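Remarks on the structure that follows.
When reading the values below, keep in mind they use all heavy atoms of this one structure, side chains included, and skip hydrogens, waters and symmetry mates. Lettering of chains follows the sequences in order, A, B, ..., and the numbering in each one begins at 1. All of these numbers come straight from a predicted model, not from anything done at the bench.
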Amino acid sequence: MSETFELPKQYDFHSAWEKWYPWWEENGLFHSTPNPDKKPFTIVIPPPNVTGALHMGHALNNTLQDIQIRMKRMQGFEALWVPGTDHAGIATQAMVEKKLREEEGLTRNDIGRDAMVKRIWDWKDSFEKRIIGQLKKLSVSCDWDRLRFTLDPVCARAVRNTFFTFFEKGLIYRGKKLVNWDTALQTAVSDDEINNETHDGHFWYLKYPVIDPQEGDLEYVTVATTRPETMLGDTCVACHPEPRKQLDLLENAIREELAAAEAAGRDAEKAELEAKLETLLKRRETHLELLEKLAEMAKAGKKLMLPLANREIPLVTDIWAKPEMGTGCVKITPAHDPNDFEVGKRAMVPFISIMKKDGSLTAEASVYAWDGRKFANVTAEEPALSRTVPEKYVGMKMLEAREVIVADLEAAGILLKVEDHQHEVPVSDRSKTVIEPFLNDQWFVRMADLAQSAMDAVTDGRVQIFPERYAKTYLDWLSEKRDWPIGRQLWWGHRIPIWYVRAADGSEKMPTEDELKTAFADRSDVKWAWDEEGKEWWICLQDGELAKDALPGWELVQDDDVLDTWFSSALWPHSTLGWPEQTEELKYYYPTSVLITSRDIITLWVARMVLTGLQNCGEIPFPHVYIHPKILDKYGETMSKSKGNGIDPLDVIEKYGADALRLGVAWLATDSQDVRLPVDFECPHCGESVEQTKENRIRPRVKCPKCKEFFSTQWAKKEEDLALKRGTVISERFEMGRNFCNKLWNASRFAMMYLMEDLEEVSRPDYTLEPISDDELFMEDKWILSRLCTMAKMFTEGIEKYDYAACVRTLYDFTWDEFCSNYIEIAKYRLQTPELKPVAKRVVAFVLDALLKLWHPVIPLITEEVWQLMAKVAPKRGLTAEDLAREQPESIMNAPWFVDTANRIDPTIEAQFVVFQDVLKAVREIRARQNVPVKQEVKFAVKCPAEIAALILPMKPYFTSMAQAVLTECGPDAKMPELSSNATGANWELGVDLEGLIDVEAELKKNRTQREKLLGFIAGKEKKLSNEAFTAKAPAKVVDAERASLADLKAQLAAVEEAIARLER
RNA sequence: GGGCGAUUGGCUCAGUUGGUUAGAGCGCCGCCCUUACAAGGCGGAUGUCACAGGUUCGAGUCCUGUAUCGCCCACCA
């Protein structure tokens, strides 16, 4: 045989990757083009951020996508998986700025916009390369020819087009929004770049005089604040509209809880509630009258005089003011506090910003009015407001101003008292300075209609979310219909395509609309709108840049900000396919087939993709959304680099292989929302796994408990630590996957060992399973084929419902237990018996081939490797005549998906076979228990009804080959050996002849234990069956089953009693 | 504060619409390097299914409450 090859005992996953991944790529097997003869199946990757390397969550996410894609490809779909990366504006720019600061001591302003953006592109290039490298190591079958990036020209065109149409439809407007402002870096920061720190602070109680108090009115209103400096920007004071009702409500709630706690006897809680109630009742006495009076005054339109600023501000009612807290009323600074911002909008009061971007106070405090609700344009009515901040404070930073203002307030007799108070202060992660809420111009998308369309898509079932419960997250968020702020004060991203007009002489003059009309007469790609508030034009351009002098006599300046990253990600399913061009791809592949992602971006991303898809393409972007679990560490904490509990998939792949990693994560993909993955260090010296604890994971060096050597961690900074070998972070969980692959490898090796014997035979045209008639098949053949088909059906249907974990576990059990441990072990006897060999070989080849195909989506490398080897030794394996007539695929990737075309599922055989398995197991158990030497053959007899005997007898040779046990007698009259060890099962009892081998005491002990156990079960059953309610109400099927089971238990008991009697003799 | 979820052997998790004696991987114990596989084979031990009620003939599974843990969102003048 010329093709003889020796296969190593262990599966070499490294060389399998080296061999097949580049081969797949070079042969264009990942590449998809529209093919009218096939149905499309499309997935767009959730584009990983170019901020850093991929983590386990990505490994999971991409494995699950690849499983779908590979299965569908084999099922004959034209499967396309579009890969790509996301520019992740804030995070990426932050990373590069940090690097710039740390390595060169420069800020972005030092090097300027163009240079900064260039540097971020370089960063992006290097990380994109790394990410793609990781994905390839994971062996995913993305169409790399279609790689996209959210800032590339194709995506940019889609972004510009969307912005332009939204602008045209009036869906985009400019408003005001509070952003988290870092005064040191002079930039907006995102919520996740903020840490809350507990600081010691104070409550300052201030009194604001009432203007022109009437008889019975209060003279002044007391408010408490932790930030007295913001009082200069106060534009109203709020109190609760119905303080009595609110207090009643609270009181009732507490009383109810109290009653419940009392009833349940929870004393600690009770005491707490009682204290709470007491406080509340006291408060009623001290504050209620005042608060009611205030509400009355507010409704009467009373105004207050804001101290220091000497500005009139209204007293308003708003439910934000909690009668049970503080003084019961609250000063409102809409431009400097997120809650006050909301109150301010509701109360329609001016928004006064008293801070400049550098954190100093401004003299010309800006006056803003939010246009969403059309409340008064205060600028016109109250010009005096431009002098809100007294001259002497100007230039002072917010914190300095606090001291001065407090001193002034005290001097003016406004300060009532000061209390110590601990409070949470938001601190910038990057600059470590206090974050100030800052009122900024912002572009918004009107969400009312868009959100509704996206909600409808889910409620009417056009978009289905798996698991279903996540639909609630989606709908709840969308139902708020909050307008979407789309501007970001960054340089990295799609620049907002809006141009402002500046007068050449620097004045505030604006051109007339006629001038615009003339200048852009033949340009359908330019639209404009008049901003009433800012008294200026907004000019929107669909593509490219608007020349500075495009409007004769005026200068055009583009908006500095860029679009929210999600604005471009939202278009991902159609932008990657070429929209707005009506490309072949868009027509063929859109809508995509499923979106697979994690739950934290259901709102930010999924919802927005649905609404832009509907808006731009008139169709949902995908009919299915599958939300997979989040991977946590063993403490249930999110994995992150900053904690040191993150795993680099490459480390796992290096140690266990991509197949093992994929199998491991697919095994975890249940429908629960989190899964835990215990994380350990691997000692680089001795290879021992060192448990990672919360304590050692933050240290720069860790000592291996086994070899006592130190290794370094990611925290190593000092030279002495860095000099140590690095301990990688991995998880033993992947051993399971590696071991399984090795098992499959060896089963294949075994199969091929026999298939190779006669290459001529396996190459014959009729060498498939198909031509074998049922008569030629042995019972075990029919059994394994039936089981295979049952499993294949379950697996296929399960994957289509995203039930990954169950599918993978099912197939795992089938492969290992049924195929390897049962079928192959049985087949050994036949494979070694010349006249029985041919059929057994065919069945082995057929089942193995089917298994490889079923497994391929999960573990692509090993399956390709074995499939290719099989192609040499059994080229016709598993193929039907129809298959043979076609050109054979060159890779398992394109092999036809296994389906049971011959209706091989036979539940009777499957059930029958269980008897064989049970008897075999019982014999083996007896041998093990009685310490019968491995090679010593024993005899055994089985007493059972004739129909059971008919199943057992044909298996006689296998008992010998698999358990060194010779079946001597089997049937209703079989006689138990005199000195035997016995076992019972449903409908049968067996005795292993242990003459000269038996440990009688051990046997008696076991039988007595068994007797007790049976007696227990019988008692339980009898009690159940004597219960008339049970026999009357339970379904007949269940009752019959119970009766049969009881009869069987009794028979078993009799057999055990008999065995005991024999042994005692 | 709102929403969602978890609690099952030492560890990490399965457990379909309630229905015989609750499973897996790892770990543990015993025997075996048997010619596919020691990353393996055969056998074994280990569970009051968090707690308290309820519905039901029957509850790990459904309902209510409690405790603990976690995730997401919003936030404490």
Side-chain angles (χ1 to χ4, degrees), chain A residues 7 9-11 203 223-227 238 260 263-264 266 269 320-322 325-333 337-340 421 423-424 469-470 472-473 476-477 599-600 602-603 630 632 634-638 656 660 664 667-668 670 672-678 731-733 735-754 803 805-806 809 812-813 820-821 824-825 828 921 924-929 931-935 962-964 1013-1014 1016-1017 1020-1021 1024 1027-1035 1037-1039 1041-1042 1044-1046 1048-1049:
Chain A
L7 297 177
K9 280 177 146 189
Q10 288 185 358
Y11 164 53
F203 260 136
V223 293
T225 178
T226 56
R227 301 182 61 205
R266 293 188 302 270
E269 194 185 326
W320 167 243
K322 309 283 183 226
M325 287 175 70
T327 62
C329 49
V330 53
K331 68 185 211 53
I332 300 298
T333 323
D337 180 281
N339 289 304
D340 292 5
H421 176 64
H423 59 137
E424 298 281 301
R469 64 174 180 280
Y470 291 115
K472 187 172 160 54
T473 311
D476 284 355
W477 185 79
R599 69 192 139 85
D600 36 7
I602 293 172
T603 53
K630 198 178 166 92
L632 308 175
K634 69 179 151 194
Y635 301 107
E637 293 178 9
T638 319
Y656 298 111
W667 188 275
L668 293 177
T670 63
S672 73
Q673 65 178 14
D674 312 306
V675 289
R676 293 186 195 198
L677 189 66
S731 177
E732 285 183 352
R733 290 296 300 263
E735 264 181 32
M736 184 266 301
R738 181 200 55 183
N739 293 355
F740 176 79
C741 289
N742 205 45
K743 185 72 182 176
L744 182 59
W745 174 253
N746 278 293
S748 310
R749 212 158 66 94
F750 171 83
M752 284 187 275
M753 195 172 82
Y754 286 98
D803 197 1
R809 290 170 202 219
Y812 175 100
D813 288 344
C820 294
S821 299
I824 286 186
E825 290 303 322
K828 274 180 183 168
K921 195 170 170 88
R924 283 172 163 173
E925 196 266 335
I926 287 168
R927 290 189 61 112
R929 177 154 38 83
N931 277 319
V932 177
V934 176
K935 288 183 176 156
M962 294 169 79
Q964 288 77 47
K1013 217 166 147 187
L1014 285 167
F1017 291 151
K1021 296 261 182 229
K1024 193 170 187 178
N1027 180 352
E1028 275 172 38
F1030 173 68
T1031 47
K1033 292 196 184 177
K1037 216 174 89 187
V1038 175
V1039 178
E1042 287 293 306
S1045 165
L1046 178 63
D1048 179 55
L1049 286 170

Rounded distance in Å between the C1' positions of A24(B) and U8(B): 13 Å
Sugar-phosphate, base or nothing in reach of Cys329(A), heavy atoms under 4.0 Å: base
Thr226(A) and Phe203(A), any side-chain heavy atoms less than 4.5 Å apart: yes
Asn1027(A) side chain near G58(B) phosphate (N/O to OP1/OP2, under 4.0 Å): no
Nearest-angstrom distance, P atom, C31(B) to C51(B): 37 Å
Sugar-phosphate only, base, or nothing, as touched by Val223(A) at under 4.0 Å among non-hydrogen atoms: nothing
Sugar-phosphate, base or nothing in reach of Glu825(A), heavy atoms under 4.0 Å: base
Watson-Crick and G-U pairing of RNA chain B written in dot-bracket, each distance under 3.5 angstrom, with | for inter-strand partners: (((((((..((((.....[...)))).(((((.......))))).....(((((..]....))))))))))))....
P gap between U12(B) and G3(B), integer Å: 29 Å
Distance in angstrom units between Phe203(A) CZ and C76(B) P, rounded: 11 Å
Spacing of SG belonging to Cys820(A) relative to CZ belonging to Phe750(A), to within rounding of 0.5 Å: 10.0 Å
Approximate separation, where rounding is to 0.5 Å, of Leu677(A) CG and Glu732(A) CD: 11.0 Å
With sequence neighbours excluded, residues passing salt bridge (charged side-chain N to carboxylate O under 4.0 Å, His left out) with Arg469(A): none
Any donor-acceptor pair under 3.5 Å from Ser1045(A) side chain to Ala1041(A) backbone: no
Contact check, side chains of Lys828(A) and Met962(A), non-hydrogen atoms, under 4.5 Å: no
Atom NZ of Lys1013(A): over 12 foreign heavy atoms under 6.0 Å: no
Base A39(B) paired with Gln10(A) side chain (donor-acceptor, <3.5 Å): yes
Working for salt bridge (charged side-chain N to carboxylate O under 4.0 Å, His left out), residues Asp803(A) and Arg809(A): CA-CA 10 Å; Asp803(A) 197 1; Arg809(A) 290 170 202 219; over 6 Å; no
Sugar-phosphate only, base, or nothing, as touched by Tyr812(A) at under 4.0 Å among non-hydrogen atoms: sugar-phosphate
Atom pair distance, as rounded to whole Å: CZ in Arg809(A) and C1' in A24(B): 7 Å
Sugar-phosphate, base or nothing in reach of Asp803(A), heavy atoms under 4.0 Å: nothing
Pairs under 3.5 Å (N/O, protein and nucleotides 69-71 of chain B):
unit_1 : atom_1 : unit_2    : atom_2 : d
G70(B) : O3'    : Gly636(A) : O      : 3.2
G70(B) : N2     : Gln673(A) : NE2    : 2.6
C71(B) : O2'    : Arg599(A) : NH1    : 2.2
C71(B) : O2'    : Arg599(A) : NH2    : 3.4

Rounded distance (Å) that lies between atom P of A24(B) and atom CD of Glu735(A): 19 Å
Sugar-phosphate, base or nothing in reach of Lys322(A), heavy atoms under 4.0 Å: base
N/O donor-acceptor pair under 3.5 Å between Asn746(A) side chain and Asn742(A) backbone: yes
Rounded interatomic separation in angstrom, taking CG from Asn746(A) and C1' from A36(B): 5 Å
hbond_proxy Lys9(A) side chain to A39(B) base (donor-acceptor, 3.5 Å cutoff): no
Side-chain N or O of Lys743(A) closer than 4.0 Å to phosphate OP1/OP2 of G41(B): yes
Distance test, side-chain N/O of Lys1021(A) to OP1/OP2 of U21(B), below 4.0 Å: yes
Same-atom distance (C1') from G65(B) to G23(B), integer angstrom: 30 Å
Any Asn339(A) side-chain N or O less than 4.0 Å from OP1/OP2 of C76(B): yes
The single option from Tyr11(A), Trp745(A), Tyr812(A) passing ring pair (Phe, Tyr, Trp, His ring centres under 6.0 Å) against Phe740(A): Tyr812(A)
Any side-chain heavy-atom pair of Trp477(A) and Ile602(A) under 4.5 Å: no
side-chain N/O Lys1024(A) vs U20(B) OP1/OP2, d < 4.0 Å: no
Closest to the Ala1029(A) side chain, choosing from A24(B), A36(B), C57(B): C57(B)
Distance-only donor-acceptor test (3.5 Å): side chain Arg738(A), base A39(B): yes
Touch class at under 4.0 angstrom, heavy-atom based, for Ala224(A) against every strand present: sugar-phosphate
Between G5(B) and G10(B) - P atom distance, rounded Å: 28 Å
side-chain N/O Thr225(A) vs A77(B) OP1/OP2, d < 4.0 Å: no
Between A38(B) and C72(B) - C1' atom distance, rounded Å: 46 Å
Atom-pair distance (CG on Leu1046(A); P on U21(B)), nearest Å: 11 Å
Interatomic distance where CD1 belongs to Ile824(A) and C1' belongs to G41(B) [whole Å]: 13 Å
Presence of Ser821(A) side-chain N/O under 4.0 Å of C42(B) phosphate oxygens OP1/OP2: yes
C1' atoms of C11(B) and G1(B), separation to the nearest Å: 35 Å
Sugar-phosphate, base or nothing in reach of Thr226(A), heavy atoms under 4.0 Å: sugar-phosphate
Length of the line joining Met736(A):CE and C37(B):P, which is rounded to integer Å: 23 Å
Sugar-phosphate, base or nothing in reach of Leu677(A), heavy atoms under 4.0 Å: nothing
Residue that, paired with Glu925(A), satisfies side-chain hydrogen bond (donor to acceptor under 3.5 Å, both in side chains) out of Lys921(A), Arg927(A), Arg929(A): Arg929(A)
Touch class at under 4.0 angstrom, heavy-atom based, for Thr473(A) against every strand present: nothing
Arg733(A) side chain, from C-beta outward: closest of U56(B), U20(B), U12(B): U12(B)
Sugar-phosphate, base or nothing in reach of Lys1037(A), heavy atoms under 4.0 Å: nothing
Between U34(B) and G27(B) - C1' atom distance, rounded Å: 26 Å
Separation of atom CZ in Arg469(A) from atom P in G5(B), rounded to whole Å: 6 Å
Touch class at under 4.0 angstrom, heavy-atom based, for Ala321(A) against every strand present: base
Polar side-chain atom of Arg227(A) near backbone of Asp337(A) as donor-acceptor pair, under 3.5 Å: no
Sugar-phosphate, base or nothing in reach of Pro1035(A), heavy atoms under 4.0 Å: base
